[in-house]
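As structure tokens, the structure follows; a few thoughts come after it.
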Amino acid sequence: MELKDLKNIPGHYLKDTLKAFLRLEKLKEFSLFRSSHFTQAEKELLDKVQNYRKVEKGALKVWNIVQLSRDERRPQTLDYIKGIFDDFVELKGDRLGQDDQSIITGLARLGTLTVAVVGHNKGRDIKERVKYNFGMSSPSGYRKSQRIMNMAQKFNFPVITFIDTPGAYPAIEAEDQGQATAIAKSIELMFEITVPVITILIGEGGSGGALAMAIGNRVMMLQNSTYSVISPEGCAAILWKDPAGSKLAARALKITAKDLYRLGIIDKVIPEPWGGAQNNMPRTVRIVKKYLGLSLRELLDKKGSQLKKERAEKFESMGFFSEPPNSQ
């Protein structure tokens with residue numbers, strides 16, 4: 001084994017690998033050791049180097065999806081509303097004196113059907129992003145979404161939610177206004193309503209800020225969207241105190257649509273045009289409309305009590321691990 005064999009090792013692995021290599025080289029200087037004594041150790045080190053490269057390659061693939069999910073050119077909630085629904089009427093305010101613009105709510109028609117629409121909106125340029133607070137919602141936003149969902153329950157309108165947020169607004173003033181309670185009540189309400197609920201993750205799905213609007217009978221993700229309990233950067237900061245580990249954290253968190261479908265967290269993966277939704281916005285909107293229509297047709301004939309029960313069972317089944325019968 002030579003120093004050149006360590007070429008192209010990811011930087012966060014290089015330090016420990018180089019230490020092990022130099023330790024072996026040091027031991028080789030002692031005459032009482034033969035080269036055969038190091039064969040197995042060198043093989044194990046080379047295997048470790050190859051595994052590091054494999055892990056890094058996988059992490060880069062996931063990180064590309066993370067970057068695509070955050071691309072400001074991706075279709076946002078307002079784009080889907082304009083392209084999918086007719087006669088959208090926006091409803092504002094939480095009836096407590098505030099209107100959080102990071103969440104868009106209202107009523108619209110999908111064909112002949114009236115639906116309630118709720119979704120995060122990030123904005124594109126810096127002016128819009130400030131207006132929509134980068135898609136990070138405060139308690140008033142979640143209270144506004146609850147108001148619309150209660151209206152949908154009263155008039156028997158299906159609820160459609162579009163998720164695209166890095167997470168709930170983490171400022172002190174949001175906590176003072178009851179952020180945790182607002183999120184918890186939103187989750188509780190979505191379990192209680194007896195109308196069809198369809199959730200589509202169109203970009204980032206970050207933590208409780210996403211989950212507060214994602215308790216659906218059908219939960220779908222665009223191919224290059226993400227859904228996680230914490231951002232990769234946040235995970236790397238907590239576990240390793242090193243931002244260089246963000247790519248590895250993204251891989252370990254299993255935040256891609258493909259991983260979450262395999263784990264049974266979501267119901268469908270919605271394909272995107274080649275290179276990502278941002279490359280062909282009209283086509284992406286048409287694809288989402290098709291999947292939305294198919295899901296609605298599956299749910300409309302079901303009774304409210306059945307929808308509520310299925311929604312609860314769906315989420316109660318998550319997180320359980322069972323071993324195969326022949327594992328012992």
Side-chain angles (χ1 to χ4, degrees), residues 62-63 65-72 74 76-78 94 98-105 118-124 126 128-146 161-190 199-216 219-222 224-241 243 245-257 259-260 265-266 315 318:
V62 175
W63 191 248
I65 294 174
V66 171
Q67 291 179 310
L68 281 172
S69 75
R70 296 171 175 176
D71 195 315
E72 62 186 20
R74 287 178 72 83
Q76 301 187 14
T77 292
L78 286 174
D94 64 354
Q98 292 180 303
D99 178 47
D100 182 347
Q101 297 189 69
S102 69
I103 293 181
I104 308 294
T105 62
V118 180
H120 299 98
N121 209 68
K122 286 181 175 179
R124 289 200 164 82
I126 189 63
E128 282 190 351
R129 295 220 158 194
V130 170
K131 175 184 176 181
Y132 296 117
N133 200 31
F134 297 83
M136 297 184 293
S137 305
S138 64
S140 65
Y142 297 113
R143 286 194 287 263
K144 178 168 69 170
S145 69
Q146 291 164 41
T161 66
F162 295 97
I163 309 298
D164 186 15
T165 176
Y169 189 40
I172 293 175
E173 57 266 31
E175 298 297 334
D176 289 342
Q177 294 166 14
Q179 185 74 288
T181 303
I183 290 173
K185 286 187 175 180
S186 184
I187 293 171
E188 181 184 27
L189 175 62
M190 294 192 80
T199 292
I200 305 174
L201 287 106
I202 58 175
E204 285 184 281
S207 193
L211 187 61
M213 291 167 30
I215 309 299
V219 180
M220 301 182 282
M221 289 179 69
L222 281 170
N224 292 311
S225 59
T226 58
Y227 192 18
S228 66
V229 69
I230 191 172
S231 69
E233 294 88 345
C235 178
I238 292 171
L239 292 182
W240 305 306
K241 296 180 174 57
S246 297
K247 294 173 187 175
L248 286 177
R251 178 181 180 272
L253 283 167
K254 306 297 182 189
I255 63 178
T256 66
D259 283 328
L260 293 168
I265 304 299
I266 64 169
F315 283 85
M318 295 178 187

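By convention here, the first residue in the shown sequence is residue 1.
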So CH2 of Trp63 and CZ of Arg251: to nearest 0.5 Å the spacing works out to 15.0 Å
Look up atom CD in Glu188 and atom CD1 in Ile215, then write down how far apart they are to the nearest 0.5 Å. 11.5 Å
To check you understand the geometry: which heavy-atom pair defines the closest contact between Ala249 and Pro232, and what is its length? CB-O, 3.5 Å
Measure the spacing between CG of Asp99 and CG of Asp94 and express it to the nearest 0.5 Å. 7.5 Å
So, for Arg124 and Arg129, which heavy atoms are closest and what is the spacing to 0.1 Å? O-NE, 3.6 Å
Measure the spacing between CD of Gln101 and OG of Ser140 and express it to the nearest 0.5 Å. 10.0 Å
Would you tell me whether Ser102 and Asn133 have side-chain atoms, one donor and one acceptor, within less than 3.5 Å of each other? no
To the nearest 0.5 Å, what is the distance between OG (Ser225) and CD1 (Ile266)? 7.0 Å
For Thr226 and Leu201, the nearest pair of non-hydrogen atoms, with its separation, is O-CD2, 3.9 Å
Are more than 12 heavy atoms, taken from residues, nucleotides or ligands other than Lys185, located less than 6.0 Å from that residue's NZ atom? no
Look at the side chain of Ser186 and the backbone N and O of Ile183, then say whether any donor-acceptor pair between them is shorter than 3.5 Å. no
Please list every donor-acceptor pair under 3.5 Å in which a side-chain atom of residues 164-179 meets a protein atom from a residue at least two apart or in another chain.
from: Asp164; atom 1: OD1; to: Lys122; atom 2: NZ; distance (Å): 3.3
from: Asp164; atom 1: OD1; to: Glu204; atom 2: N; distance (Å): 2.9
from: Thr165; atom 1: OG1; to: Gly135; atom 2: O; distance (Å): 2.7
from: Thr165; atom 1: OG1; to: Gly167; atom 2: N; distance (Å): 3.0
from: Thr165; atom 1: OG1; to: Gly167; atom 2: O; distance (Å): 3.0
from: Gln179; atom 1: NE2; to: Ser137; atom 2: O; distance (Å): 3.1
from: Gln179; atom 1: NE2; to: Tyr169; atom 2: O; distance (Å): 2.9

Interatomic distance, Ile104 atom CD1 to Tyr132 atom OH [nearest 0.5 angstrom]: 5.0 Å
Ile163 and His120, any side-chain heavy atoms less than 4.5 Å apart: yes
Just so I know, are the side chains of Ile265 and Lys254 near enough to count as touching, which here means a heavy-atom distance under 4.5 Å? no
Of all heavy-atom pairs between Ile230 and Ile238, which one has the smallest distance, and what is that distance? CD1-CD1, 3.6 Å
By the definition side-chain contact (heavy atoms from CB on, under 4.5 Å), identify the one residue from Leu253, Val229, Ile255 that meets it with Cys235. Leu253
Side chains of Thr161 and Thr199: donor-acceptor distance under 3.5 Å anywhere? yes
Of all the heavy-atom pairs spanning Ile103 and Lys144, show the shortest one and how long it is. O-NZ, 2.7 Å
Only one of Asn121, Thr105, Val118 passes side-chain contact (heavy atoms from CB on, under 4.5 Å) with Thr77, and that residue is Asn121
Residue pair Phe315 / Ala214: nearest heavy atoms and the distance that separates them: CZ-O, 3.5 Å
